Amino acid sequence: MSTESTTEPPARSKAPTGERLADWADGRLGIYTLAKANMRKIFPDHWSFMLGEVCLYSFLILILTGVYLTLFFHPSMTEVTYHGSYVPLQGQMMSEAYKSTLDISFDVRGGLLIRQLHHWSALVFLAGMIVHMMRVFFTGAFRKPREVNWVFGVLLLFLGMFTGFTGYSLPDDLLSGTGLHFMEGAILSIPIVGTYLSFFLFGGEYPGHDLIPRFYSIHVLLLPGIMLGLVVAHLILVFYHKHTQFAGPGRSNKNVVGMPLLPVYAAKAGGFFFLVFGVLAVIAGIAQINPIWAFGPYRADQVAAGSQPDWYMGFAEGLLRIMPGWEINFWGHTLALGVFIPLAGFAVVLALIGVYPFVESWVTGDKREHHILDRPRNVPTRTAFGAAWLTAYLVTMIAGGNDIWATQFHLSLNTITWFVRIFFFAGPVIAFVVTKRICLGLQRRDKDKVLHGQETGTIRRLPHGEFVEVHAPLSQEQLHTLTAHEQYEPAALSPRVDDNGVERPLTRTQKLRARLSKAYYGAEGQISKPTAHEYEEITSGRGHH
């Protein structure tokens with residue numbers, strides 16, 4: 001007699017809570033599928049790419065510190081009497097906004113540190129954006145398919161400047177009030193609608209009673225919300241289009257050579273965030289900025305001596321000080337051209353920077369995708385334009401502080417003003433010509449290096465008595481880097497007569513494009529790359545000693 005024995009299957013152990021939670025989330029949100037497809041995405045490694053990360057991390061620090069400051073700041077222009085810790089201002093009448101800023105600085109634990117960290121982060125954020133955009137500009141990272149991302153960057157720069165302006169206007173001290181008075185004059189100079197805009201912003205005649213609450217809403221809600229959306233869109237496009245990379249062996253427009261997002265790049269990025277945070281915290285702790293207690297509360301009949309805006313508004317301030325005080329009467333209305341023209345010029349400059357990728361694409365006729373970066377020397381005309389723009393920016397920065405230059409260096413204010421007026425036009429031209437010549441010289445040196453090799457400093461005497469320097473051949477990697485750039489041909493005008501003998505009219509747009517294309521890529525715009533025949537002739541011994 002046989003008996004049949006049955007054994008029960010072993011009880012399945014229960015999965016850990018974290019794993020069950022992850023499974024639950026993945027079943028409803030698809031997180032695992034999304035992460036699996038993107039977390040191993042490759043990012044190239046180069047020191048210049050950290051500039052964008054500095055912008056991102058300083059923006060995050062701005063948000064964190066800004067949230068803390070909103071807990072203690074009171075955006076009100078109601079007049080109160082100060083009885084706080086700062087003795088020199090006790091008993092003074094001031095706005096509630098100014099009083100709460102003093103309380104943050106002297107009575108809130110860590111308030112002054114957070115306030116200065118917020119301010120320094122704003123300065124670094126805007127500085128990082130400008131340097132990052134210059135890297136993108138000089139290396140051609142704005143080309144297709146990244147034109148929209150370039151426009152996002154220009155918008156972020158524009159919004160960042162005005163977010164900073166509204167931010168340092170909130171304490172309602174004498175320095176910020178002077179800046180607001182400047183802004184009121186700029187708004188009033190706008191023909192037809194200037195008065196209406198000023199009344200809407202200030203809630204009546206300047207300085208009004210609604211400005212600080214309105215600026216507070218703009219500063220903490222409207223502009224940061226738009227900027228946050230642009231930052232997210234910018235990062236999504238960077239992720240979608242893949243990151244640009246410099247030329248090198250194995251790198252092409254169809255691949256990316258670098259490190260995966262997880263775990264390598266994420267670990268490096270996390271460490272760099274804390275490094276940026278630490279450096280900004282140290283600066284905020286040891287470098288005083290915007291001591292509003294030294295300026296005092298704002299009074300409409302007073303102006304702070306030597307008042308200067310934050311550096312990123314120096315461009316607009318300088319344009320205003322360069323411009324003569326022109327006024328004209330038109331149909332019974334006074335047009336303050338001395339203020340309106342710089343204001344319009346500021347907007348035009350930003351617009352030109354924003355549309356530049358589309359202009360260059362039109363000039364070159366290049367509609368291909370580009371994921372390999374240019375060396376600035378290989379695009380002399382573009383690099384010269386960038387140098388000219390930076391020169392104009394620096395000149396206007398000097399103009400924006402002409403009174404400080406005059407008092408510190410014991411110079412005539414009128415002399416400085418006329419110097420910057422002249423150099424505002426001459427400086428960019430000089431910078432353009434000099435930069436272009438330097439780039440062409442560097443291209444010639446690269447060509448010579450490819451054909452003849454690297455100088456070693458070793459001098460050898462030949463049998464017939466001639467002394468020559470020994471050149472070491474370049475590695476294949478060096479040869480690839482020096483010759484990987486593309487050589488464009490200038491756009492040629494179509495024949496005036498077609499195949500049937502009919503004259504084809506040429507439009508002004510076609511003629512303009514041909515001239516610009518020749519300026520970019522003509523004989524004076526680039527040095528031809530060494531050909532394979534030239535290289536073989538030189539290295540075979542027939543072309544040199």
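Keep in mind it's a predicted model, so treat the numbers as computed, not measured.
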Whether the [X] and [Y] side chains hold a donor-acceptor pair (N or O, under 3.5 Å, no angle test) is what I'd like checked.
| X | Y | value |
| --- | --- | --- |
| R321 | T417 | no |
| H370 | D366 | yes |
| K367 | S361 | yes |
| H371 | R143 | no |
| S76 | H74 | no |
| D173 | S176 | yes |

Between [atom1] of [X] and [atom2] of [Y], what distance do you get to the nearest 0.5 Å?
| X | Y | atom1 | atom2 | answer |
| --- | --- | --- | --- | --- |
| L390 | F137 | CG | CZ | 9.0 Å |
| T166 | M183 | OG1 | CE | 9.5 Å |
| S95 | M77 | OG | CE | 6.5 Å |
| Y98 | L170 | OH | CG | 14.5 Å |
| Q92 | H83 | CD | NE2 | 11.0 Å |
| F202 | L197 | CZ | CG | 10.5 Å |

Using 30° and 60° as the class boundaries, would you call the ring planes of [X] and [Y] parallel, tilted or perpendicular?
| X | Y | value |
| --- | --- | --- |
| H46 | F49 | tilted |
| F385 | Y356 | perpendicular |
| F43 | H243 | perpendicular |
| Y57 | F272 | perpendicular |
| Y168 | F165 | perpendicular |

What do you reckon, is [atom1] of [X] surrounded by more than 12 foreign heavy atoms closer than 6.0 Å?
| X | atom1 | result |
| --- | --- | --- |
| I192 | CD1 | no |
| W389 | CH2 | yes |
| R135 | CZ | yes |

For F358, enumerate each residue passing the ring pair (Phe, Tyr, Trp, His ring centres under 6.0 Å) test, keeping only those at least two apart in sequence or located in another chain.
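Per chain and number, F358 pairs via ring pair (Phe, Tyr, Trp, His ring centres under 6.0 Å) with no residue.
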Residues two or more places apart in sequence or in another chain: which of them pass ring pair (Phe, Tyr, Trp, His ring centres under 6.0 Å) with Y82?
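Y82: no ring pair (Phe, Tyr, Trp, His ring centres under 6.0 Å) contacts found.
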Report yes or no: does E96 contribute a side-chain atom to a donor-acceptor pair with the main-chain N or O of P75 at less than 3.5 Å?
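Side chain of E96 to backbone of P75, a donor-acceptor pair under 3.5 Å: no, none is there.
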Backbone N or O of L411 within a donor-acceptor pair of the T415 side chain at under 3.5 Å?
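Side chain of T415 to backbone of L411, a donor-acceptor pair under 3.5 Å: no, none is there.
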Residues in side-chain hydrogen bond (donor to acceptor under 3.5 Å, both in side chains) with Y312, at least two apart?
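Listed in chain order: D310.
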Tell me which one of Q116, H118, R115 satisfies side-chain contact (heavy atoms from CB on, under 4.5 Å) with T65.
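Testing T65 for a side-chain contact (heavy atoms from CB on, under 4.5 Å) against Q116, H118, R115 leaves exactly one candidate, H118.
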Shortest non-hydrogen contact between T383 and F138, atoms and distance:
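Distance-wise, the nearest heavy atoms are O-CE2, 3.4 Å.
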Search all heavy atoms of I114 against all heavy atoms of Y68 and return the closest pair with its distance.
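Closest pair (atom of I114, atom of Y68, distance): CG2-CD2, 3.5 Å.
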Are T391 and F432 close enough, and set up right, to give a side chain to side chain contact (heavy atoms under 4.5 Å, CB included), and what steps lead you there?
CA-CA 9 Å; T391 302; F432 181 91; over 6 Å; no
With a 4.0 Å cut-off, would you call E486 and R368 a salt bridge?
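A salt bridge links E486 with R368.
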